[in-house]
Amino acid sequence: MSIKTFLLPDLGEGLTEAELVRWMVAAGDEVAVDQPIAEVETAKSLVEIPCPFEGVVSTLHGEAGQMMLVDEPFISVNTGGEEAPEPAAQEAERAQSYREEERAGTQVPADEEAAEDEGSGNVLIGYGTSNAKRKSSRRRKPRGGVAASAAHAPSEAVRVINPLVRKLARDNALDINAVQGTGPDGLVLRTDVEAALAAPAQQPATGAKDAVAAPAAVAAVEPLPKAGAADSKTGLPVASSQVLSGVRKTIANAMSTSRREIPEATVWVDVDVTKLLKLRKKIKEAQGQAPSVMALISRFAVAGLQRFPELNSRIEVEADGGLRHTVFQGVNLGFAAQTDRGLVVPNVRDAHKLNANELSAEFARLASVAREGKAGVADLSGSTFTINNYGVFNVDGSAAIINYPEAAILGLGRIIEKPWVVNGKIKVRSICEMTLSFDHRVCDGGTAAGFMRYVADAMTDPKSALASL
């Protein structure tokens with residue numbers, strides 16, 4: 001027999017891990033090429049993983065709820081035929097050297113190794129199509145073995161496998177050498193780093209030995225209280241308590257980053273959309289269907305961004321601490337969509353090339369796949385400007401949080417009838433409150449106000465606006 005192991009593929013956008021939601025096969029099941037074998041949840045979306053091999057499932061390398069690393073074993077399949085011991089030995093060496101170099105706290109140069117796939121037609125990043133070759137990273141043992149690596153490592157080698165654990169510590173200015181690992185053989189886990197970040201500041205140690213031993217207290221965290229138990233801080237019974245993960249954790253991190261990094265300001269205006277609603281009604285009567293109100297407003301917003309491009313941009317921090325401002329010519333229009341899995345932001349690519357009807361169709365399509373959990377990474381990333389229609393929740397206004405690293409977000413409140421002064425007379429009109437939260441680093445208030453005034457005037461007199469688009 002021949003056992004082939006499928007490594008979790010690169011799911012795009014630099015994602016290096018995914019949470020295993022459920023297996024769709026079990027050990028002993030027969031599988032075919034491209035058959036869905038599992039659902040995993042990344043920081044972007046819910047993804048079905050197809051199998052590149054045909055045969056019988058030998059081993060499932062994970063359980064539901066477990067975080068799985070890219071390029072680590074995911075599933076092993078008995079494909080029949082003669083076993084090829086040499087590739088298996090090479091794969092074992094690759095996995096072993098990877099762990100050794102991580103545990104030694106050093107990075108070893110990598111070479112490339114090609115392998116034939118089994119003719120999968122469902123392309124995953126890192127796995128080719130029929131008869132193509134894929135390249136997988138294979139790290140070579142340094143000369144002299146692990147001892148050579150250790151010679152260049154700190155006297156107390158830090159055992160870390162997951163690169164995201166290192167990044168989490170680095171982003172929060174936490175010395176990874178000072179974290180006590182609770183995994184096998186002292187392996188530093190994500191929970192160890194999170195516990196160290198959540199713990200109160202420790203008194204500085206007096207010696208190197210103390211510096212290593214001190215984090216033992218840091219890693220000791222209070223276990224999650226059970227439902228119905230009294231909370232130690234408030235004394236109130238706990239309804240539920242869980243560690244944030246998946247999409248909810250991604251949302252929390254994104255919101256925190258936006259508030260921390262972006263000095264935002266908000267402007268708002270009440271807009272008379274009576275004529276806009278009448279125009280949409282006439283279009284529907286004439287054509288049998290009409291673009292959504294949000295699509296019409298979005299068309300005006302996209303046109304406004306072409307006149308005020310500073311709002312269709314982003315600011316990124318350079319390695320030396322400097323700021324780089326990138327302004328985009330086209331618009332990838334994101335829109336906030338509420339799903340059972342939380343708030344996600346699908347985006348319409350090249351929205352500046354679409355009319356209102358086409359925008360309306362894309363909004364409907366993307367919202368549907370997002371709610372079904374089938375939106376791909378490309379659908380949920382790469383937006384340059386976002387619209388948030390919180391009016392669907394029957395509220396008038398909101399100072400929305402900018403979808404980092406974008407420069408602005410346009411918010412739409414509910415449309416409600418109000419008394420309004422028209423040509424000196426009070427009339428009942430349909431009014432919508434519109435807000436714009438913007439990054440004050442990319443522009444001043446005059447630019448933001450100019451954009452808002454353009455969009456608001458187009459909403460008030462849509463016939464004239466559409467004639468000029």
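Nothing here was measured: the structure is a model prediction, and the numbers come from that model.
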F328 CZ to T384 OG1 distance, which is reported to the nearest 0.5 Å
6.5 Å
Smallest heavy-atom separation, A351 atom then L359 atom, equals CB-CD2, 4.0 Å
Side chains of N357 and Q287, heavy atoms from C-beta outward: is any pair under 4.5 Å?
yes
Run the side chain to side chain contact (heavy atoms under 4.5 Å, CB included) test on V31 and F53 for me, step by step, so that the C-alpha distance in whole Å, both residues' side-chain angles and the decisive distance to 0.1 Å come before the verdict.
CA-CA 8 Å; V31 289; F53 308 131; 5.9 Å; no
Would you say D175 and N177 are linked by a side-chain donor-acceptor pair, where the criterion is simply a distance under 3.5 Å?
yes
Where is the tightest heavy-atom contact between S298 and L333, given as atom of each residue plus distance?
CB-CD2, 3.7 Å
Can you tell me if N403 uses its side chain to pair, donor with acceptor, with the backbone of T386 under 3.5 Å?
no
Roughly how far apart are L354 CG and S360 OG, rounded to 0.5 Å?
11.5 Å
Taking all non-hydrogen atoms of both residues into account, name the closest pair between E39 and E48 and its distance.
CG-CG, 3.9 Å
Closest non-hydrogen contact found for Q338 with F393 is CB-CZ, 4.1 Å
Report yes if the side chains of I401 and I409 come closer than 4.5 Å at any heavy-atom pair, otherwise no.
no
Check whether any side-chain N or O of N312 sits under 3.5 Å from a backbone N or O of G330 as a donor-acceptor pair, and report yes or no.
yes
Has the side chain of R280 got a donor or acceptor atom that lies under 3.5 Å from a matching backbone atom of P291?
yes
K353 side, atom NZ; E358 side, atom CD - distance, nearest 0.5 Å
11.5 Å
Atom CD in E310, atom CG in L305: separation rounded to 0.5 Å?
10.5 Å
Please lay out, stage by stage, how N389 and F335 fare under the test side chain to side chain contact (heavy atoms under 4.5 Å, CB included).
CA-CA 8 Å; N389 182 18; F335 65 99; over 6 Å; no
Side chains of H352 and V302: closer than 4.5 Å at any heavy-atom pair?
yes
Using every non-hydrogen atom in the two residues, find where A370 and T339 come nearest and quote the distance to one decimal.
O-CG2, 3.7 Å
Kindly say whether N347 contributes a backbone atom to a donor-acceptor pair with the side chain of N332 at under 3.5 angstrom?
no
Heavy-atom count around E372 CD within 6.0 Å, excluding the residue itself: above 12?
yes
Which is it for I37 and M24 under the side chain to side chain contact (heavy atoms under 4.5 Å, CB included) test, yes or no, and what are the steps along the way?
CA-CA 5 Å; I37 54 174; M24 303 167 74; 5.5 Å; no
Parallel, tilted or perpendicular, as decided by the 30° and 60° cut-offs, for the rings of F6 and F74:
perpendicular
Donor-acceptor pair, distance only, cut-off 3.5 Å: does the side chain of D71 make one with the backbone of L7?
no
Could you work out, with side chain to side chain donor-acceptor pair (under 3.5 Å) as the rule, every residue matching E63, not counting sequence neighbours?
none
Give, for atom CD1 of I75 and atom NE2 of H61, the distance between the pair rounded to the nearest 0.5 Å.
8.0 Å
Answer whether the closest heavy-atom distance between the side chains of Q180 and D192 falls below 4.5 Å.
no
V193 vs I176 side-chain heavy atoms within contact, under 4.5 Å:
yes
Is a side-chain donor or acceptor of S437 paired with a backbone partner of A399 at a separation under 3.5 angstrom?
no
Within the distance-only criterion (no hydrogens, no angle test), does the side chain of Y390 pair as donor or acceptor with the backbone N or O of S398 below 3.5 angstrom?
yes
Can you confirm whether Q289 is buried at CD, in the sense that more than 12 heavy atoms of other residues, nucleotides or ligands lie under 6.0 Å from that atom?
no
Give a yes-or-no answer on whether the side chains of S58 and N78 include a donor-acceptor pair shorter than 3.5 Å.
no
Apply the test side chain to side chain contact (heavy atoms under 4.5 Å, CB included) to residues L436 and L311: give CA-CA distance (whole Å), side-chain angles for both, the deciding distance (0.1 Å), then the verdict.
CA-CA 10 Å; L436 178 75; L311 297 171; 4.1 Å; yes
Is R314 close to R324 at the side-chain level, that is, under 4.5 Å between some pair of heavy atoms?
no
For L296 and A356 the tightest heavy-atom approach is CD2-CB, 3.8 Å
Does S368 use its side chain to pair, donor to acceptor, with the backbone of A364 at less than 3.5 Å?
no
Any non-hydrogen side-chain atom of V40 less than 4.5 Å from a side-chain atom of M68?
no
Evaluate the side-chain proximity of R441 to I262: yes if any heavy-atom separation is below 4.5 Å, no if none is.
yes
Among S383, S313, S258, the one residue meeting side-chain hydrogen bond (donor to acceptor under 3.5 Å, both in side chains) with E406:
S383
OG on S76 to CD1 on I3, rounded to 0.5 Å
7.0 Å
